[in-house]
Amino acid sequence: MMAQILVVEDTPVNMKLVSMLLVKAGYRVLQADNAKDGIALAQRHQPDLILMDIQLPGMDGLAAARLLKAAQSTRHIRIVALTAFAMKGDEEKVREAGCDGYIAKPIEYKKFLVDVKQYLDRGANSQDAM
Ligand code: MN
């Protein structure tokens, strides 16, 4: 069975694009437009990967990643941050929050799917995941 991927993203056009690319590639997709719903879906469905937008209304993606990585039931799930910025300090913040990596927006279609597959194939605790 193809991997299940949870997308947490509040911007509808981004959600639509990311989901379309993933579904087209054969993945099963779960969607949440806020961190709270995303965490609940992660606990319930145990997805293989979470694509986590950083800037979300209310709880942001880094806080959500911290909670997911602190919880026994979800800490094993790989989290890749979707970030509009990719400066050095931000990369550190993403790593400190427990994310396994990040994908910079705007998304490049082909590279996006290659990156997603690599994160799925890679072990959750890989040291050089960034
Ligand atoms: Mn956002």
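FYI, the numbering just counts along the sequence from 1. First listed ligand is number 1; within each ligand, the first listed atom is number 1.
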Answer whether the closest heavy-atom distance between the side chains of T74 and Q46 falls below 4.5 Å.
yes
4.5 Å side-chain heavy-atom contact, R28 and L30:
no
Show me, pair by pair, the donor-acceptor contacts under 3.5 angstrom made by side chains of residues 14-22, not counting sequence neighbours?
residue, atom, partner, partner atom, Å
S19, OG, M15, O, 2.8
S19, OG, Q31, NE2, 2.7

Is there a side-chain contact between D53 and K105, using heavy atoms and a 4.5 Å cut-off?
yes
Below the 2.8 Å mark, what number of protein N, O or S atoms do you get around the Mn ion (ligand 1)?
3
Name every donor-acceptor pair, under 3.5 Å, that has one atom in a side chain of residues 35-42 and the other anywhere in the protein, sequence neighbours excluded.
residue, atom, partner, partner atom, Å
D37, OD2, N34, ND2, 2.8

For a quick test of your reading: what N or O donor-acceptor pairs under 3.5 Å do the side chains of residues 56-65 make, sequence neighbours left out?
residue, atom, partner, partner atom, Å
D60, OD1, L62, N, 3.0
D60, OD1, A63, N, 2.8

